[in-house]
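Report on the following structure.
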Amino acid sequence: PISAFLFDLDGVIVDTAVFHYQAWRRMANELGFDISHEFNETLKGVSRMDSLDLILAHGGVTLTDERKLELATQKNDWYLELVSRMTPNDILPGVAGFFHQLKHAQPPLKTALGSVSKNARLILERIHMVDQFDAIIDGTKITRGKPDPEVFLNGAAELGVAPADCVVFEDAVAGVEAAKRAGMFAVGIGSPDVLTEADLVVPSLEHLTVTELLAAVERAQG
Ligand code: G6P
Ligand code: MG
């Protein structure tokens, strides 16, 4: 039976996906090109350096490793400027209610954060949600970003739960792929046209109850 929920952070718990896009866009503009909203979908869930490589290839720019490190640091500084203004008010609609429900679920559900971001803990601190998770897997604990399943498999292992008994919540194409490769049920947060591989897609956690979700998993797993 399902016994753990694994949550992505950026775009699921908070809308930092927008901050990442703003910061990367600012960097791209300084290099003389732009990145579209559509292209940005391919960056979600992808690690900082992998994102930079994708963006530079997109703009047809080749740089030394040293310069790349400078740019990644600059982007992160811009990003952290936006993060520093975050408060618990930035928690996305439906998240608090959903956590309230899952904390009261019977049989009980464990929770983990599964984010590739090295800033994940800092963000959880800013929104006062550190204590909501039984395990926190972030960019400092993994070697491979999504779509590699490492982050979610580590989460399941730290919780002591079998991957097949985990549900993942993801806004990213790469994140849904990571969840499926980990052998987990994937709930997409966003549009079904984008998150085509997800087992279930909702526009936000406002549109889902824990009871409904567990019933949907049961139906899917027969
Ligand atoms: C998340 C975001 C990505 C971001 C990555 C690394 O997966 O969806 O857009 O690139 O984390 O974040 P970081 O905060 O370490 O740069
Ligand atoms: Mg995300």
Side-chain angles (χ1 to χ4, degrees), residues 5-28 35-58 68-84 86 90-92 94-95 112-127 129 133 136-152 154-155 167-182 184 186-191 194-195 197-198 201-205:
F5 284 0
L6 277 52
F7 295 86
D8 172 49
L9 177 66
D10 297 313
V12 171
I13 306 280
V14 283
D15 208 2
T16 38
V18 173
F19 296 166
H20 281 294
Y21 180 41
Q22 278 177 28
W24 282 130
R25 199 167 181 207
R26 183 168 171 186
M27 185 204 77
I35 51 178
S36 69
H37 200 265
E38 225 169 33
F39 175 73
N40 186 54
E41 288 301 325
T42 68
L43 302 177
K44 289 184 178 176
V46 176
S47 75
R48 195 181 307 167
M49 291 315 282
D50 287 352
S51 299
L52 178 60
D53 283 337
L54 286 173
I55 294 166
L56 294 178
H58 188 70
K68 285 204 285 190
L69 211 55
E70 263 173 40
L71 286 175
T73 305
Q74 171 70 270
K75 178 268 176 179
N76 196 51
D77 289 346
W78 286 330
Y79 175 70
L80 287 178
E81 221 174 277
L82 298 166
V83 166
S84 72
M86 291 180 80
D90 292 296
I91 296 170
L92 282 169
V95 172
L113 188 85
S115 171
V116 161
S117 172
K118 294 194 160 91
N119 298 304
R121 191 171 269 276
L122 172 75
I123 293 166
L124 288 183
E125 280 165 9
R126 291 221 58 87
I127 61 171
M129 278 190 71
F133 297 95
I136 295 177
I137 312 297
D138 63 18
T140 65
K141 289 194 182 171
I142 51 152
T143 55
R144 295 179 300 275
K146 299 165 188 174
D148 192 283
E150 183 183 7
V151 60
F152 294 132
N154 280 8
V167 173
V168 168
F169 299 83
E170 259 296 345
D171 70 315
V173 175
V176 167
E177 187 184 331
K180 293 317 297 172
R181 281 167 62 182
M184 301 175 180
V187 178
I189 309 291
S191 156
V194 176
L195 303 172
E197 302 307 311
V201 181
V202 287
S204 83
L205 284 178

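Whatever order the structure lists ligands and atoms in, that order sets their numbers, starting from 1. When reading the values below, keep in mind they use all heavy atoms of this one structure, side chains included, and skip hydrogens, waters and symmetry mates.
The Mg ion (ligand 2) lies closest to atom O when only the N/O/S atoms of Asp10 are considered. The atom name of the N/O/S atom in Asp8 closest to the Mg ion (ligand 2) is OD2.
A side-chain N or O of Asn76 and one of Asn119 form a donor-acceptor pair less than 3.5 Å apart.
Nearest approach of Asp171 to Gly11, heavy atoms of both residues: OD2-CA, 3.5 Å.
Comparing Leu43, Asp10, Val12 by heavy-atom distance to atom 2 (C) of ligand 1, the nearest is Asp10. Relative to atom 10 (O) of ligand 1, the option among Asp50, Val46, Leu54, Val116 with the closest non-hydrogen atom is Val46. Summarising the contacts of atom 14 (O) of ligand 1 with Ser117, Gly11, Ala120, Ser47, the nearest heavy atom is found in Ser117.
Residue Arg48 has at least one nitrogen or oxygen atom sitting less than 3.5 Å from a nitrogen or oxygen atom of ligand 1, judged on distance alone. Ligand 1 has no N or O atom lying under 3.5 Å from any N or O atom of Asn76, backbone or side chain. Considering backbone and side-chain atoms alike, Asn119 places an N or O below 3.5 Å from some N or O of ligand 1.
Of all the atoms in ligand 1, the ones that sit under 4.0 Å from a non-hydrogen atom of Ser51 are 10 (O).
With a 4.5 Å cut-off on side-chain heavy atoms, Ile137 and Glu150 do not count as touching. The shortest distance between side-chain heavy atoms of Ile136 and Leu124 falls below 4.5 Å. Side chains of Ile35 and Tyr21 form a contact here, defined as non-hydrogen atoms less than 4.5 Å apart.
In this pair, Tyr79 and His20 present their aromatic rings parallel. The plane angle is below 30°, not in the 30 to 60° band. Between Phe7 and Phe133, the ring planes are perpendicular. Angles over 60° get that label, and only those under 30° would be called parallel.
Metal site remark for the Mg ion (ligand 2): Asp171 contributes an N, O or S atom at a distance under 2.8 Å.
At the top of the distance list for atom 15 (O) of ligand 1, counting protein heavy atoms only, stands Lys118 N, 2.7 Å. Looking at atom 7 (O) of ligand 1, its nearest protein heavy atom turns out to be Gly45 CA, 3.2 Å.
Ion pair Lys146/Asp8 flagged as a salt bridge, since at least one NZ, NE, NH1 or NH2 atom sits closer than 4.0 Å to an Asp/Glu carboxylate oxygen.
The shell of residues lying under 4.0 angstrom from ligand 1, judged by heavy atoms, excludes Gly139. Heavy atoms of Ala17 stay at 4.0 angstrom or farther from ligand 1.
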Between Glu170 and Lys44, does the salt bridge (charged side-chain N to carboxylate O under 4.0 Å, His left out) criterion hold? Intermediate values first, please.
CA-CA 10 Å; Glu170 259 296 345; Lys44 289 184 178 176; over 6 Å; no
